[in-house]
Amino acid sequence: SGFGLLQSGFFSAKRVAVIGTHPHVSSATILAAAGLTGHPPLIGVNPGAIAAKVESLPWVASARVSRNWPDHVTIAVTERVAVATMAGPGTSWSEVDHTGRTLQVDGPRPAGLVDLAVRDGKGAPVAPARLGSPTAPAALPALQVARTLPAAFSAQVTQVVGNPDGTVDLALNSGLTVLLGTAKDLHAKYEDVAAIIAGAPLHGAKTIDVTVPQSPTVSAS
């Protein structure tokens, strides 16, 4: 019958192409997650179900699967972007994206990413989530800051600190601490920080307080 022919080897997924930029996850890993390594009948390939399986991989942000008769399947993949690191589990470090999803766990701390240090409402450290899962809601304000730091001074930020009350501080490589307050009006607060850093000398200063936009203060305490 025609259905039997469609299920035969003549119409199997003989060619599977993985497209898109995905430096942190191999094509082999994507194909294994998709379940297409055994060349199943093309009619049995469920694009939505396969895309969901591929998107369960920690680094994959989205997957689009298309069937191309008679024997071709294409998987278009978009990767997530790491924006910060969090200490843990144990002595390792976790790379997280803007949602707090743990993308990768490394032995040494990865270079080039800001450190995220968060404490929950009880003052306890917030640990990174397990691989492929999002972190606790308590980390969201600090994550919002980590992903929106402006080029004007982002290279000077060594740590984004999420406090138990939901406010966020920045630790700069100069030794200065920036008090941002809540994660509201960040654009205006960033402008204040950039202007202060680029303006008058800050010798003896320890804290820049921009919790009230357009009314920043600099203090030695």
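- Separating the CG atom in L179 from the OG1 atom in T207 is a distance of 5.5 Å, to the nearest 0.5 Å.
- Under a 3.5 Å cut-off, the side chain of R64 and the backbone N or O of A76 do not form any donor-acceptor pair.
- One hydrophobic cluster, built from ILVMFWY side chains closer than 4.5 Å, holds both I208 and V145.
- For residues 83-108, the salt bridge (Lys or Arg N to Asp or Glu O under 4.0 Å) pairs, not counting sequence neighbours, are R80-D97.
- Relative orientation of the H24 and W59 rings is parallel, given thresholds of 30° and 60° on the angle between their planes.
- For Q144, the side chain to side chain donor-acceptor pair (under 3.5 Å) test picks out no residue, with sequence neighbours left out.
- In this structure, the side-chain contact (heavy atoms from CB on, under 4.5 Å) partners of A33, at least two apart in sequence or on a different chain, are L57.
- Sequence neighbours left out, the pairs with a member in residues 167-184 that pass side-chain hydrogen bond (donor to acceptor under 3.5 Å, both in side chains) are N163-T167, N163-D169, D165-T167.
- For the side-chain contact (heavy atoms from CB on, under 4.5 Å) test, no residue two or more places apart in sequence or in another chain qualifies with P108.
- The cluster map of Ile, Leu, Val, Met, Phe, Trp and Tyr, joined by side-chain heavy atoms under 4.5 Å apart, puts V114 and V210 in the same cluster.
- In this structure, CG in D192 is found 11.0 Å from CD1 in I197, a value given to the nearest 0.5 Å.
- Taking hydrophobic clusters as Ile, Leu, Val, Met, Phe, Trp and Tyr residues chained together by side-chain heavy-atom distances below 4.5 Å, M86 does not share a cluster with L131.
- For A117, the side-chain contact (heavy atoms from CB on, under 4.5 Å) test picks out Q159, with sequence neighbours left out.
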